[in-house]
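First the structure, in the form of structure tokens, and then the observations on it.
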Amino acid sequence: MHNGATDSEHTATLMERMLYEVKRVVVGQDRFLERVFVAMLAQGHLLVEGVPGLAKTLTVKTLARSMRGSFRRIQFTPDLVPADLVGTRIYNQKTGEFGTSLGPVFANLLLADEINRAPAKVQSALLEVMQERQVTIAGETHHVPEPFVVMATQNPIETEGTYPLPEAQVDRFMMKVLVDYPSEEEEFVIAQRVTGLSVEVQAVCDTAELQAMQKECRAVYVDPSLIQYAVKLVSATRTPERYDLAELGKYLTFGASPRATIGLVEGARALAMLRGRRYALPEDMSDLVPDVLRHRLVLSYEALADNLSADQIIQRVMKKIGVPDKPMAHAAEPARDNGHALNA
């Protein structure tokens, strides 16, 4: 018990120091930063939507420096080919043999910039590496370094020359985060920092320590009632009529997959850990519901005609399905009633 408390305190201190280093460079964007840390602890991937110039690239680059991790940025363009991402076989004239040249996906933090600018063939090259953490080149399997997190960005303004992401790929992103403009006060500080002296980011931990934190995150307690809450939320997007939400049926072509349920549970663990707890509370999960579900709902033409967004549908579902009253009751009852259960 003492060791668990010590590990938790050490992890909280490390995460706080990493956040401090990132905040020395990045101004504002607290929600976005929190989601980046959640994805990193939960070993998930992040899809970020926002206009240019909102420090998306800077955030990931700074985070990689703070943990002594490798960082790669791929600018997605229409002429990109899969080999530009994963690598290819190259013939060596001196030796007369083929060698493997690994692509930029072999990094701890990978930024796929404007991912929707590349065709589906290129986007699908990320499918295997995002799910299996490995790449197959000419029949040989190569594992990417651990930890491995993909953060992809897309611009919501420009639609010309862009390609919609395949549903199979969208589903592999744990969360989709919307990044908004900074406030006037934040923009004032941004202007001061960018036009002033550059800040040197200090390394706080290494990748081995981050892996240890990820392992510790898997040990955070999630009550069965919270898991059931996640199951109900996701199920309501597939069969809304079962939850007295029949009016939403015409707006949803497809609901969320089981990956959404897993994402809610893992995300709640990571958020609880970031907040200094070894157990998840309902607010840890409910805070993440829009980010985990919004990109997984396929809306019908009626929803578009009625100007109804995925977020609005998610809010209706969350209002209908209440959070558990006592999320820690299941943990306490077995210990308290152990003698009665044996006697029975």
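In this chain, numbering begins with 1 at the start of the sequence shown. The analysis underlying the following values was restricted to heavy atoms, covering all of them including side chains, and did not include hydrogens, waters or symmetry mates. Bear in mind that the values here come from a model prediction, so they are computed numbers and not experimental data.
Residues L233 and V298 are members of separate hydrophobic clusters, defined by side-chain heavy-atom contacts under 4.5 angstrom among Ile, Leu, Val, Met, Phe, Trp and Tyr. Using a 4.5 Å cut-off between side-chain heavy atoms of Ile, Leu, Val, Met, Phe, Trp and Tyr, with links allowed through other members, L102 and V122 fall into the same hydrophobic cluster. Using a 4.5 Å cut-off between side-chain heavy atoms of Ile, Leu, Val, Met, Phe, Trp and Tyr, with links allowed through other members, M15 and L288 fall into the same hydrophobic cluster. L178 and L293 end up in different hydrophobic clusters when Ile, Leu, Val, Met, Phe, Trp and Tyr side chains are linked at under 4.5 Å. By the rule that hydrophobic residues join a cluster once side-chain heavy atoms approach within less than 4.5 Å of another member, I262 and V289 end up as members of separate clusters.
Atom CG of residue L41 and atom CG of residue L210 lie 7.0 Å apart, to the nearest 0.5 angstrom. Interatomic distance, CD1 of I115 versus CZ of F173, reported as 4.0 Å (0.5 Å rounding). Rounding to the nearest 0.5 angstrom, the gap separating the OG1 atom in T153 from the CD atom in E114 is 6.0 Å. Rounding to the nearest 0.5 Å places CZ of F37 at 11.0 Å from CD of E16. To the nearest 0.5 Å, atoms CG (L252) and CD (E302) are separated by 10.5 Å. Put simply, CD on Q43 and CZ on F148 are 12.0 Å apart, with the number rounded to the nearest 0.5 Å.
Side-chain contact, S225 with D223: a donor N or O sits under 3.5 Å from an acceptor N or O. Defined by atom type and a distance below 3.5 Å, a donor-acceptor pair is missing between the side-chain atoms of T207 and N108. When only modelled atom types and interatomic distance are considered, Y229 and S286 share no side-chain donor-acceptor pair under 3.5 Å.
Under a cut-off of 6.0 angstrom, the local environment of CG in D79 is crowded, with over 12 non-hydrogen atoms contributed by other residues, nucleotides or ligands. The number of heavy atoms from other shown groups lying within 6.0 Å of CZ (R218) does not exceed 12. Heavy atoms from other residues, nucleotides or ligands lying under 6.0 Å from CD of E184 number 12 at most.
A cation-pi arrangement, defined by a distance under 6.0 Å to the six-membered ring centre and an angle within 45 degrees of its axis, is absent between R17 and Y20.
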Can you give each donor-acceptor pair under 3.5 Å made by side-chain atoms of residues 82-90, sequence neighbours left out, with the distance rounded to 0.1 Å?
from	atom 1	to	atom 2	distance (Å)
D84	OD2	V81	N	3.1
R89	NH1	T100	OG1	3.0

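In this structure the side chain of H295 never reaches within 4.5 angstrom of the side chain of E49, judged on heavy atoms. A 4.5 Å side-chain heavy-atom check between T77 and R117 finds every atom pair outside the cut-off. Between I74 and D113 there is no side-chain heavy-atom pair separated by less than 4.5 Å. Looking at V144 and L110, their side chains never come closer than 4.5 Å, going by heavy atoms from C-beta outward. Looking only at side-chain heavy atoms (C-beta outward), T62 and E21 stay at 4.5 Å or farther from each other. At a threshold of 4.5 Å between non-hydrogen side-chain atoms, the residues V25 and R65 do not count as touching. Looking only at side-chain heavy atoms (C-beta outward), Q154 and K176 come within less than 4.5 Å of each other. Using a 4.5 Å cut-off on side-chain heavy atoms (C-beta onward), R238 and V234 make contact.
Without hydrogens or angle criteria, E209 side chain to D206 main chain gives a donor-acceptor distance under 3.5 Å. At least one donor-acceptor pair closer than 3.5 Å links the side chain of T237 to the backbone N or O of A256. For T261 (side chain) and V231 (main-chain N/O), no donor-acceptor pair under 3.5 Å exists by modelled atom type. Listed for the S235 side chain is no donor-acceptor partner under 3.5 Å among the backbone atoms of K232.
With L111 as reference, R73 is the one residue of Q75, R73, R72 to meet the side chain to side chain contact (heavy atoms under 4.5 Å, CB included) rule.
Taking each heavy atom of L245 and R316 in turn, the nearest pair found is CD2-O, 4.2 Å. Between R24 and Q202 the shortest heavy-atom distance is NH1-CG, 4.1 Å. Contact between C217 and R269 at its shortest, heavy atoms only, is O-CD, 3.4 Å. Here the shortest heavy-atom pairing between A236 and I321 reads CB-CD1, 3.7 Å. When all heavy atoms of A280 and A268 are compared, the closest pair comes out as CB-O, 4.0 Å. Nearest approach of M174 to G44, heavy atoms of both residues: SD-CA, 3.9 Å.
With sequence neighbours excluded, the residues forming a side chain to side chain contact (heavy atoms under 4.5 Å, CB included) with P182 are L54, E186, E187, I190, listed by chain and number.
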Problem set entry | side-chain contact (heavy atoms from CB on, under 4.5 Å) between Y243 and V317, intermediate numbers included | CA-CA 9 Å; Y243 299 89; V317 171; over 6 Å; no
For this session: Test L274 against V38 for side-chain contact (heavy atoms from CB on, under 4.5 Å), laying out the working first.
Result: CA-CA 8 Å; L274 281 175; V38 166; 3.7 Å; yes
For this session: Show the numbers, then the answer: is there a side-chain contact (heavy atoms from CB on, under 4.5 Å) between L226 and D284?
Result: CA-CA 10 Å; L226 271 182; D284 297 323; over 6 Å; no
For this session: Go through the steps for E132 and H143 under the test side-chain contact (heavy atoms from CB on, under 4.5 Å), then give the verdict.
Result: CA-CA 9 Å; E132 307 295 337; H143 292 274; over 6 Å; no
For this session: Decide salt bridge (Lys or Arg N to Asp or Glu O under 4.0 Å) for R31 and E34; before the verdict, give the C-alpha distance in whole Å, the side-chain angles of both, and the deciding distance to 0.1 Å.
Result: CA-CA 5 Å; R31 182 181 175 83; E34 186 181 60; 5.7 Å; no
